[in-house]
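Worksheet: one structure, shown below.
Chain identifiers are assigned alphabetically (A, B, ...) following the order of the sequence lines, protein sequences preceding nucleic acid strands; residue numbering begins at 1 within each chain.
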2 protein chains.
Amino acid sequence: MRRYDDACGTAHALELLGDRWALLILRELMLGARRFSQLRADLPGLSANVLTQRLGELESRGLLLHRTLPPPASVPVYELTPWGYETEPITQAMGRWAARSPHHDASLRISGVSLLLSFRTMLDRQRAKGIDAEVGFRFGDDVYRGHLTPSLFAISQGAPDDAQLVFIGSPMALGAAVHGGVPISKLEKAGALTVIGDRKLAQRFTTLFPLPEKLPT
Amino acid sequence: MRRYDDACGTAHALELLGDRWALLILRELMLGARRFSQLRADLPGLSANVLTQRLGELESRGLLLHRTLPPPASVPVYELTPWGYETEPITQAMGRWAARSPHHDASLRISGVSLLLSFRTMLDRQRAKGIDAEVGFRFGDDVYRGHLTPSLFAISQGAPDDAQLVFIGSPMALGAAVHGGVPISKLEKAGALTVIGDRKLAQRFTTLFPLPEKLPT
DNA sequence: CGGCATCCGGGAAGATACTG
DNA sequence: CAGTATCTTCCCGGATGCCG
């Protein structure tokens with residue numbers, strides 16, 4: 001490993017997760033275990049050998065585990081350790097800071113996990129006052145449930161037991177609605193997004209995660 | 001620039017400041033403008049050409065400015081832009097997280113800026129209850145003043161007007177007292193640290209910035 | 001399908017020496 | 001003092017092939 005030889009915690013953090021792609025791999029695992037092929041699909045620019053290398057390093061450093069799901073699944077997955085999950089504040093601080101960048105291009109592709117994490121990061125507690133909702137998300141085969149309250153947006157993998165609201169579509173379509181201000185009706189007409197359940201709640205949902213003001217170019 | 005082609009804010013942040021040494025350079029500028037040679041001294045493993053390259057990139061990205069101090073100084077310095085200063089939460093999140101690492105080696109060298117920033121990051125508001133103190137720090141030629149209150153530790157370059165307390169010595173010696181639990185008296189006997197002013201306050205000062213509990217190896 | 005090994009090209013990082 | 005110039009090394013990324 002390349003070292004900084006610096007007692008500062010920031011330097012040590014960079015030694016542990018400063019390699020290219022490392023933090024993005026952690027981000028994709030932030031909502032639960034995922035498979036090698038899922039990670040490849042989430043991070044298209046990342047080649048298999050580098051992914052293998054990163055996963056090995058992060059495992060040896062104690063940030064994630066390589067385990068096999070219990071039968072009948074019995075497939076290998078990668079999952080963060082508790083300490084790995086504790087990197088979320090780092091991811092969030094970066095996301096919050098970069099959202100103000102004049103060069104940030106929101107039209108690029110985004111993964112389902114990234115989008116849901118951005119909601120968690122940007123939740124506006126004032127605007128969410130009084131809310132208590134179970135929301136489902138279906139991004140192709142990836143399904144998530146979120147429990148939204150004014151103080152917290154708890155997300156996990158899997159279909160919700162009974163959601164007031166379910167979004168179906170690509171992460172980019174939902175991102176356009178929430179972060180891009182595109183009306184839901186327009187996305188539905190274009191066939192990019194489907195909303196099931198409480199449409200009024202869906203409308204409100206799109207306003208709960210405002211991005212910070214951008215800097216002048 | 002190497003891109004991730006990802007709309008996620010974290011990815012964009014990594015494009016802007018994910019290059020090796022970049023975040024550590026920002027850290028060293030976090031308490032005010034510094035010169036090229038100071039940065040080299042603060043980051044011994046960083047060679048001049050890489051430093052030149054990083055400074056140029058960070059300037060073109062809008063995180064810092066290369067300007068000349070007004071006469072009679074008239075020397076070139078590098079200084080963060082307001083947006084550059086806004087990276088401190090990232091630095092702090094990393095430092096806080098890495099402090100729990102089983103592999104963190106606090107015996108390595110640390111810069112004055114790093115140490116003072118670690119105080120700001122780790123300030124325990126409970127323990128600091130009722131405090132309101134002006135503290136000076138002298139690390140060789142680098143002099144800082146800090147205004148400490150229960151909610152904030154404001155730091156700037158330069159000698160304090162009237163400090164109740166001044167620490168004189170190397171950053172590592174002060175770090176040993178605050179983060180390492182080494183008694184001030186012992187450091188003074190060893191000639192590593194000098195305390196001027198309110199010694200009782202100095203004693204209390206060393207308890208205000210507790211590190212989080214480490215993970216088992 | 002889910003990796004790991006290997007080879008290769010390009011480019012970034014590191015060490016050292018040098019210049020205005 | 002504040003950077004350049006040059007050279008070497010190593011990491012990253014892509015492709016391919018192997019093996020369970």
Side-chain angles (χ1 to χ4, degrees), chain A residues 1-6 11 14-26 28-29 33-61 64-79 140-142, chain B residues 1-6 11 14-26 28-29 33-61 64-69 71-79 109 140-142:
Chain A
M1 195 209 314
R2 248 162 172 175
R3 301 184 180 272
Y4 287 108
D5 286 323
D6 191 319
L14 289 170
E15 289 174 348
L16 293 171
L17 39 80
D19 292 318
R20 196 165 158 74
W21 295 104
L23 217 40
L24 299 185
I25 293 169
L26 297 180
E28 291 301 328
L29 294 172
R34 286 181 88 72
R35 310 195 55 177
F36 191 90
S37 54
Q38 289 182 299
L39 293 172
R40 288 214 63 186
D42 295 330
L43 303 165
L46 172 58
S47 58
N49 54 358
V50 174
L51 177 55
T52 301
Q53 192 182 328
R54 286 293 165 276
L55 289 170
E57 291 164 358
L58 293 170
E59 184 178 17
S60 76
R61 292 167 192 177
L64 59 81
L65 290 170
H66 187 187
R67 68 185 185 92
T68 303
L69 247 37
S74 301
V75 295
V77 293
Y78 296 90
E79 185 170 26
D141 289 338
D142 280 9
Chain B
M1 191 209 317
R2 247 161 168 176
R3 300 185 180 272
Y4 287 108
D5 286 322
D6 192 319
L14 288 170
E15 287 173 349
L16 293 171
L17 41 77
D19 291 318
R20 196 162 158 76
W21 294 105
L23 218 40
L24 300 184
I25 293 169
L26 297 180
E28 291 302 328
L29 295 172
R34 288 180 87 72
R35 309 193 56 177
F36 191 91
S37 55
Q38 290 182 297
L39 292 172
R40 288 213 63 185
D42 294 331
L43 303 165
L46 172 60
S47 57
N49 53 1
V50 175
L51 177 55
T52 301
Q53 193 182 327
R54 286 294 164 276
L55 289 170
E57 292 164 357
L58 292 171
E59 184 179 17
S60 75
R61 293 168 191 176
L64 59 80
L65 291 170
H66 188 187
R67 68 186 187 93
T68 303
L69 247 35
S74 300
V75 296
V77 293
Y78 296 89
E79 185 170 25
R109 67 174 293 290
D141 288 338
D142 281 7

Using every non-hydrogen atom in the two residues, find where [X] and [Y] come nearest and quote the distance to one decimal.
| X | Y | answer |
| --- | --- | --- |
| Arg35(A) | Pro76(A) | NE-O, 3.7 Å |
| Leu29(A) | Tyr78(A) | CD2-O, 3.4 Å |
| Arg3(B) | Glu15(B) | CA-OE2, 3.3 Å |

Rounded to the Å, how far apart are [X] [atom1] and [N] [atom2]?
| X | N | atom1 | atom2 | result |
| --- | --- | --- | --- | --- |
| Glu57(A) | dC10(D) | CD | P | 16 Å |
| Leu24(B) | dA13(C) | CG | P | 13 Å |
| Gln38(A) | dG2(C) | CD | C1' | 13 Å |
| Gln53(B) | dG11(C) | CD | P | 13 Å |
| Arg54(B) | dG11(C) | CZ | P | 16 Å |
| Arg2(B) | dC10(D) | CZ | C1' | 11 Å |
| Leu51(A) | dG3(C) | CG | C1' | 10 Å |
| Leu43(B) | dA13(C) | CG | P | 14 Å |

Side chain of Asn49(B), base of dG3(D): donor and acceptor closer than 3.5 Å? no

Give a yes/no answer on whether the side chain of [X] brings an N or O atom under 4.0 Å of OP1 or OP2 in [N].
| X | N | answer |
| --- | --- | --- |
| His66(A) | dG2(C) | no |
| Trp21(B) | dA12(C) | no |
| Thr52(B) | dG3(D) | no |
| Tyr78(A) | dG3(C) | yes |

May I ask you to say what [X] touches in the nucleic acid, namely base, sugar-phosphate or nothing, with a heavy-atom cut-off under 4.0 Å?
| X | result |
| --- | --- |
| Arg35(A) | sugar-phosphate |
| Ser37(B) | sugar-phosphate |
| Arg40(A) | nothing |

Please tell me which of Pro76(A) and Arg3(A) maps to the more 5' nucleotide of DNA chain C, matching each residue to the nucleotide holding its nearest heavy atom. Pro76(A)

For DNA chain D, whose closest nucleotide is more 5', that of Asp19(A) or that of Ala48(A)? Asp19(A)

Checking dG14(D), dG3(C), dG3(D) against the side chain of Phe36(A) (C-beta onward), the nearest is dG3(C)

Asp19(A) versus Gln53(A): any side-chain heavy-atom pair under 4.5 Å? no

Do Ile25(A) and Leu46(A) have side chains that approach each other closer than 4.5 Å (heavy atoms only, starting at C-beta)? yes

